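One structure is given below, encoded as structure tokens.
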Amino acid sequence: MVYRFTVISDEVDDFMREIQLDSDATFLDFHKLIVESCGYSDDQLTTFTICENGWEKGQEITMEVMDTEAYEDSYIMAETELSEFLEDEKQHLLYTFDPLADRVFFIELSEIITGKSMKGGKITKKMGEAPKQMLDFDQMFEMNPIVGDSSFSDDEDFYGSGIDQEDIDLEGLEISDGQF
């Protein structure tokens, strides 16, 4: 079987990639085609996430072995074939290409072509420029509403107690067994 995927971004409206791969190809093969189609360097710890019920995150397939809980299965791109997780047209995946800023591509298994096979894979359609692979610190600051929240000033009392550091008298405080 041959899988035809559509890859889009929520950052660039006219960005779209169409990629075809044999169902026996690995997620690493898929990763390499995405990176190639976008002109990205292949030095990031990217991940695929299989989605359930629309875009709800499910199983992750990582570039390298990750330290996971004992009850969780761990899947590595180089060892995991697409057919192990993909079986239905319109199935969704997320591809995290910028792990520090948690930026993703949205992927849909657009078509399953039965009775055909192919060696490797190919990029069958490219539209628009890919988003920048990595954001610099200022761009991450702008994108993250918590980090970029200008309502907090470093002049403010962080703990909100209204007590200044200079007002605290530790002179008569006794410490025993690590307790105050």
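Computed from a prediction, not measured in an experiment: that's the story for all the values here.
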Please tell me whether Leu28 and Leu45 are part of a single hydrophobic cluster in this structure, the criterion being side-chain heavy atoms less than 4.5 Å apart.
yes

Validation row: Arg17, Ser37 side chains within 4.5 angstrom (heavy atoms)
yes

Measure the CE-CG distance between Met134 and Asp98 for me, rounded to the nearest 0.5 Å.
4.0 Å

Would you call Thr47 and Leu94 a side-chain contact if the rule is heavy atoms closer than 4.5 Å?
no

Set of residues satisfying ring-ring contact (aromatic ring centres under 6.0 Å, His included) with respect to Phe48, sequence neighbours excluded
Phe27, Phe30, Tyr95

Salt bridge (charged side-chain N to carboxylate O under 4.0 Å, His left out) partners of Lys90, counting only residues at least two apart:
Glu108

Positive for ring-ring contact (aromatic ring centres under 6.0 Å, His included) with His92, one of Phe85, Trp55, Phe5:
Trp55

In Å and rounded to the nearest 0.5 Å, what is the CD1 to CE distance from Ile76 to Met63?
10.5 Å

Of all the heavy-atom pairs spanning Leu21 and Ala25, show the shortest one and how long it is.
CD2-CB, 3.9 Å

Point-to-point distance, once rounded to the nearest 0.5 Å, from CG of Leu109 to CG of Asp88
8.0 Å

When every non-hydrogen atom of Glu11 is compared with those of Pro131, the smallest separation belongs to OE1-CB, 3.7 Å

Listing, residues 113-130 side-chain donor-acceptor contacts under 3.5 Å, not counting sequence neighbours, or none:
{"from": "Thr124", "atom 1": "OG1", "to": "Glu18", "atom 2": "O", "distance (Å)": "3.2"}
{"from": "Thr124", "atom 1": "OG1", "to": "Glu18", "atom 2": "OE2", "distance (Å)": "2.7"}

Would you find more than 12 non-hydrogen atoms of other residues, nucleotides or ligands less than 6.0 Å from Asp14 atom CG?
yes

Val104 versus Asp10, closest heavy-atom pair with distance:
O-OD1, 4.5 Å

Have a look at Phe97 and tell me which of Phe105, Phe106, Phe15 forms a ring-ring contact (aromatic ring centres under 6.0 Å, His included) with it.
Phe105

With sequence neighbours left out, write down each residue that passes salt bridge (charged side-chain N to carboxylate O under 4.0 Å, His left out) with Glu79, or none if nothing qualifies.
none

Roughly how far apart are Lys57 NZ and Glu52 CD, rounded to 0.5 Å?
12.5 Å

Is the closest side-chain heavy-atom distance between Thr96 and Thr46 below 4.5 Å?
no

CD of Glu60 to OG1 of Thr62, rounded to nearest 0.5 Å, is 7.0 Å

Modelled atom types, side-chain donor and acceptor of Thr6 and Ser110, under 3.5 Å:
yes

Rounded to the nearest 0.5 Å, what's the gap from OG1 on Thr80 to CD1 on Ile50? Could you check?
9.5 Å

For Ser23, side chain to side chain contact (heavy atoms under 4.5 Å, CB included) partners two or more places apart
Met1, Tyr3, Ser83

Donor-acceptor pair, side chain of Glu84 and main chain of Glu81, under 3.5 angstrom:
yes

Taking salt bridge (Lys or Arg N to Asp or Glu O under 4.0 Å) as the cut-off, I'd like each qualifying pair that reaches into residues 24-51, sequence neighbours left out, listed once.
none

Are side-chain heavy atoms of Leu86 and Leu93 found at a separation under 4.5 Å?
yes

